[in-house]
There are 2 protein chains.
Amino acid sequence: MGIPERKEREKEHRREEILNAAQRVFFEKGLQTATMDEIAEAAELSKGTLYLYYKSKEDLYLGVMIRGMDILYNMFTEATSTNEPTIVKIKNLGDMYYRYFKEHRSFFRMFYFFQNPLFHTQVSQEMMGLCQAGNQKVWKLVIDLIQRGIDEGDIRPEVDPAECAVILWSNSNGIMMRMDTQEEYFKNVLGVDLERVLQKSMAMLFQSMLRDPA
Amino acid sequence: MGIPERKEREKEHRREEILNAAQRVFFEKGLQTATMDEIAEAAELSKGTLYLYYKSKEDLYLGVMIRGMDILYNMFTEATSTNEPTIVKIKNLGDMYYRYFKEHRSFFRMFYFFQNPLFHTQVSQEMMGLCQAGNQKVWKLVIDLIQRGIDEGDIRPEVDPAECAVILWSNSNGIMMRMDTQEEYFKNVLGVDLERVLQKSMAMLFQSMLRDPA
DNA sequence: GTAGTAACTGACCGCAAGTCATTTAATCAA
DNA sequence: TTGATTAAATGACTTGCGGTCAGTTACTAC
């Protein structure tokens, strides 16, 4: 009985094709400006068909965003599978997030919307669950690594690894969001180079977490 | 000839009344969900009239947001007009921003949208200019205070005041945004109390900036 | 009282999200 | 092979909202 299996595969394939089309359109136009008709045309399907696979435009958007989360997770995994000391790996994570910001800007921007409280109301429970799962995987990776840094004695033992992860992430994310939207403004009006700010602030935070100043 | 002056006052008054109505509706519904018809009804005017005073829904939104900036600026001014030492005032600014977050949550949320890069394209040049002016006033206040802290010798002289301001702001803003949307999630899944995280991270950053550990 | 002007109105337009009756294609049973 | 059944896909249609503008009302000046 290979037919139901084949059908299942084809359905999955179509879901992916729709996501490919959506990704192209969303990257070019953003959530607000992109239209379902455009995505349908890019997918060479009718608009109605899109709704057989995704409940709403926002769900489709989250589907693309989850791809972005997976890419980030894979980059983080790569950054931490070297033979370097744990403390260096933690530093690598920070650098890798910045690389993600530079190389996958469109995905990075999608994370904005996830932070908008009103966005959440327009999204299905299922997609929301998938997002949180993807999110959690990344957090766990970072927190576990910091815990290891504590166990190995490089990081001060009174540091809470989850709190530490949140601090590092909030700081770098906050600065990168500014880079994305207002880099020129900060340069011209305040005379601030945000890339330097990112480096400095991360160094300051690392400093406070390390046992020995290095 | 008091008639043109009176007309001008009435026009200004109407602008304010429209803003009052828009504020009520935007606070309740958010930018996306609120409709111009709702705002018109709240203002007891027809929809067309709104467009005689504001160019678009987004412009009206920014008009409300500027009120929020003014409130923040006044709170910051208040926090820095005490007789305490400069270094304490800087700390007060951080506390005041958190108070703003707690007491003026709806205004705080409006700042989100300003960070959305695609939002900017839908907004008139005039409003944008007003926003940047309001924004700049706040930055100037913070940066000047940090400069004073350097001059008085409490803050390490190699610190760049503008960079320092950006770091403090990015960090606290990033954490408060998380508080706003995902406080429960962080508590339950990661076991992290974001209020503690805010306090700790600010303490860490202050520490790195001070000449003497205090 | 009337001409002229500024303020205001709401029916209307265009566009886009989402729906659903209908059509098309694939599978199966006889 | 063919007719019945089910699944997949379609696109015309509904609904709702941002924005417009021809027409109305209210006020001012002469």
Side-chain angles (χ1 to χ4, degrees), chain A residues 1-19 21-22 25-26 28-64 113 118-119 121-124 126-127, chain B residues 1-19 21-22 25-26 28-64 113 116 118-124 126-127:
Chain A
M1 282 300 117
I3 287 171
E5 285 79 0
R6 196 203 74 222
K7 286 220 163 182
E8 193 51 47
R9 276 202 312 277
E10 283 174 355
K11 215 165 164 177
E12 197 47 49
H13 182 249
R14 176 122 309 169
R15 265 182 83 88
E16 287 299 313
E17 285 297 319
I18 290 173
L19 223 47
V25 177
F26 281 138
E28 196 188 331
K29 308 263 190 118
L31 173 61
Q32 326 283 346
T33 319
T35 72
M36 289 301 270
D37 283 300
E38 283 171 327
I39 295 171
E41 193 181 333
E44 294 173 315
L45 288 167
S46 74
K47 185 163 64 164
T49 306
L50 299 187
Y51 285 93
L52 297 175
Y53 290 85
Y54 293 90
K55 285 201 177 122
S56 68
K57 186 179 168 183
E58 280 73 23
D59 257 35
L60 200 39
Y61 193 79
L62 278 200
V64 177
F113 287 92
L118 294 156
F119 181 71
T121 63
Q122 303 167 330
V123 153
S124 75
E126 299 95 307
M127 264 303 169
Chain B
M1 282 300 120
I3 286 171
E5 284 78 2
R6 196 203 74 222
K7 284 219 164 183
E8 194 51 47
R9 275 201 313 278
E10 282 174 356
K11 214 165 166 179
E12 197 47 48
H13 182 251
R14 176 123 309 168
R15 263 183 84 87
E16 287 300 311
E17 285 297 318
I18 290 173
L19 223 47
V25 177
F26 282 136
E28 196 188 333
K29 307 263 188 118
L31 173 61
Q32 326 283 346
T33 318
T35 71
M36 289 301 270
D37 283 299
E38 285 171 326
I39 295 171
E41 194 181 333
E44 295 174 315
L45 288 168
S46 75
K47 186 163 60 163
T49 306
L50 300 188
Y51 286 93
L52 297 176
Y53 290 85
Y54 293 91
K55 285 200 177 123
S56 68
K57 186 179 169 185
E58 281 73 23
D59 257 36
L60 201 38
Y61 193 79
L62 280 200
V64 178
F113 287 91
N116 180 338
L118 294 156
F119 181 71
H120 294 192
T121 63
Q122 303 167 331
V123 152
S124 75
E126 298 95 307
M127 265 303 172

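All figures in this text were calculated on a predicted structure; none of them were measured in a lab. Just so it is clear: chains get the letters A, B, ... in the order the sequence lines come, proteins before strands, and each one is counted from 1.
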Rounded distance in Å - CG (D37(A)) to P (dA12(D)): 11 Å
To the side chain of Y53(A), which of dA9(D), dG18(C), dG18(D) is closest? dA9(D)
Check the distance between dG11(D)'s P and I39(A)'s CD1 and give it to me in whole angstrom. 17 Å
In whole angstrom, what separates K55(A)'s NZ from dA17(C)'s P? 19 Å
For a quick check of understanding: with a heavy-atom distance under 4.0 Å over all strands, which category does A34(A) fall into, base, sugar-phosphate or nothing? sugar-phosphate
Quick one: CG on L50(B) to CZ on R15(B), what's the gap to the nearest 0.5 Å? 11.5 Å
Q32(A) CD to dG18(D) C1': how many Å, rounded? 14 Å
Are the charged groups of K47(A) and E41(A) less than 4.0 angstrom apart, N to O? no
Tell me: OH of Y54(A) to C1' of dA17(C), nearest whole Å? 18 Å
Could you check which of dA17(C), dA8(D), dT10(D) has an atom nearest any side-chain atom of S46(A)? dT10(D)
Under 4.0 Å between any heavy atoms, over every strand shown, what does T35(A) touch: base, sugar-phosphate, or nothing? Just pick one. sugar-phosphate
With heavy atoms under 4.0 Å as the rule, sort L52(B) into base, sugar-phosphate or nothing. base
Should E16(B) and Y53(B) count as side-chain neighbours, where that means a heavy-atom distance under 4.5 Å? no
Is any side-chain nitrogen or oxygen of Y51(B) closer than 4.0 Å to OP1 or OP2 of dC21(D)? no
Find the distance L50(A):CG to dA8(D):P and express it as a whole number of Å. 15 Å
I need the CD-P distance between E10(B) and dA7(C), as an integer number of Å. 10 Å
Could you tell me whether the side chain of K47(B) has a donor or acceptor atom within less than 3.5 Å of a complementary atom in the base of dG19(D)? yes
Does K11(B) have a side-chain nitrogen or oxygen under 4.0 Å from the phosphate oxygens OP1 or OP2 of dA7(C)? yes
So does K29(A) get a backbone contact from the side chain of T33(A), meaning a donor-acceptor N/O pair under 3.5 Å? yes
Tell me whether D59(B) contacts the main-chain N or O of Y54(B) through its side chain, where contact means a donor paired with an acceptor under 3.5 Å. no
Using a 4.0 Å heavy-atom cut-off, does A43(A) contact any base of the nucleic acid, only the sugar-phosphate backbone, or nothing at all? nothing
Using heavy atoms to find the nearest nucleotide of DNA chain C for K7(B) and T49(B) separately, return the residue whose nucleotide is more 5′. K7(B)
Return the value, rounded to whole Å, for the distance between atom CE of M36(A) and atom P of dT14(D). 20 Å
